[in-house]
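Beneath this line is the structure, given in structure tokens, with notes to follow.
Below, all heavy atoms of this structure are taken into account, side chains as well, without hydrogens, waters or symmetry copies. Each ligand, and each atom within it, is numbered from 1 in the order the structure gives. Along the sequence shown, residues carry numbers from 1.
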Amino acid sequence: MRILVTGGAGFIGSHLIDRLMEQGHDVLCLDNFYTGHKRNILKWFNHPNFELIRHDVTEPIRLEVDQIYHLACPASPVHYQYNPVKTIKTNVMGTLNMLGLAKRVKARFLLASTSEVYGDPEMHPQTEEYRGNVNPIGIRSCYDEGKRVAETLAFDYHRQNDVDIRIVRIFNTYGPRMLENDGRVVSNFVVQALRGQPLTVYGNGSQTRSFCYVSDLVEGIMRLMNSDFIGPVNLGNPDEYTILQLAQAVQQMVNPDVAIDFKPLPQDDPRRRKPDITRAKTHLDWQPTVPLQEGLQRTIEDFRARLTEAAQSDKDKTEAPLQI
Ligand code: NAD
Ligand code: UDP
Ligand code: UDP
């Protein structure tokens, strides 16, 4: 099949591309490199089945494809709040364009939505029926409300134009290739611990999240795309941890001497989050397989290798003879 992955140079997108390429598909990676990076997809550059398109999804584009995985959108609060107007444009105009494309070429369209559509949830754990508790005018709204509109657009194109849609609500996912400056909690703690810096816990650390390892998530996304079930489907790991527990786990695994610093809790930070994955189990026969300790270990190894490489390259630069 010819498969388009928007946001394919990003964290989840690049892991998805690895799997699709290994299955022998023709893969088009579309990305504007806002938070994505060429190094994530470098190994496919000379492969005849792979094509890279530098493009912004807020602009229309005409392509011929069979399936569209629509992931383009910054996912870390730090990055999506940096230019909130751009974030909402990406979610609304970008999704509109990709749905217009899916309609024209009759491609199956999968939207990467988010657990953030549940906002600061009053129902725990969250099922797909829960309609959420989202602040429409807060600093997270460009993302939460943007994704809610994206889901609405997908369902309206489905009802009005018969577009074949799939919707996945992704819960906190982590793993190798997250950016060092990504700003999300797992990458922050791992990078801080490896550098011997204090781990920054926001608030008192009693807020909870449930962390899914990236290979489990990608498996679930591909199962949804190729099933008959439209969704929305929650995909995430139901093992719930407080942020303080996560900090202590990273501390123990990397550097028990590193301190924990408590910082102010950002506005509208959800107090708890845990997916009910009954739908994914029933319709996709899916559930996570990688426990937190194992996933964290793999993530720590990846960051350790990258930080060592970066330090070595800085050293090489300072030792290089002056070019006059
Ligand atoms: P990421 O920031 O690593 O990847 C996003 C990719 O989209 C990047 O490569 C970025 O350059 C690209 N992009 C952003 N705006 C674009 C635009 N206007 N045009 C073209 N490309 C653009 O994030 P990720 O963690 O890989 O997330 C991928 C998707 O999954 C996002 O849609 C995100 O909302 C969703 N999601 C992720 C998580 C998670 O925990 N990782 C949770 C919920 C939802
Ligand atoms: N679009 C696109 N590529 C296509 C088809 C459509 O980018 O191959 C864009 C199109 O420019 C429009 C959006 O998708 O902005 C919605 O398209 P649709 O055909 O549904 O609406 P219309 O063009 O009639 O407003
Ligand atoms: N967080 C933290 N320290 C950090 C980064 C994040 O304590 O350095 C907290 C953040 O306040 C939130 C949780 O960790 O309660 C998850 O944050 P993240 O940005 O990873 O994802 P999201 O809030 O979107 O779930």
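Between Pro270 and ligand 3, a contact under 3.5 Å exists for no N or O pair.
For ligand 2, the atoms sitting less than 4.0 Å from at least one non-hydrogen atom of Pro60 are 7 (O), 11 (O), numbered in the order shown with element in parentheses. Distances below 4.0 Å separate heavy atoms of Lys103 from the following atoms of ligand 2: 18 (P), 19 (O), 20 (O). Ligand 2 places these atoms under 4.0 Å from at least one heavy atom of Arg104: 4 (C), 5 (C), 8 (O).
Distances from atom 37 (C) of ligand 1 to the heavy atoms of Ile221, Ile12, Val185 show the closest one on Ile12. Selection from Thr95, Asp56, Ile41 by nearest heavy atom to atom 18 (N) of ligand 1 gives Asp56.
Using a 4.0 Å cutoff on heavy atoms, Gly94 does not count as a contact of ligand 1. Within the 4.0 Å heavy-atom cutoff, Gln192 does not count among the residues contacting ligand 3. Taking a 4.0 Å cut-off on heavy atoms, Ser76 fails to register as neighbouring ligand 3.
Atom CZ in Arg209 sits 15.5 Å away from atom OH in Tyr174 (nearest 0.5 Å).
Contacts between Asn161 and ligand 2 below 4.0 angstrom, taking non-hydrogen atoms only, are absent altogether. Contacts between Lys147 and ligand 1 below 4.0 angstrom, taking non-hydrogen atoms only, involve the side chain exclusively. Using a 4.0 Å cut-off between heavy atoms, Met98 makes no contact with ligand 2 at all.
Using a 4.0 Å threshold on non-hydrogen atoms, atom 22 (P) of ligand 2 does not count as touching the protein.
A donor and an acceptor atom, one from each side chain of Ser215 and His15, are nowhere located under 3.5 Å apart.
By the 6.0 Å contact criterion, CD on Glu22 is enclosed, its count of non-hydrogen atoms from other residues, nucleotides or ligands being greater than 12.
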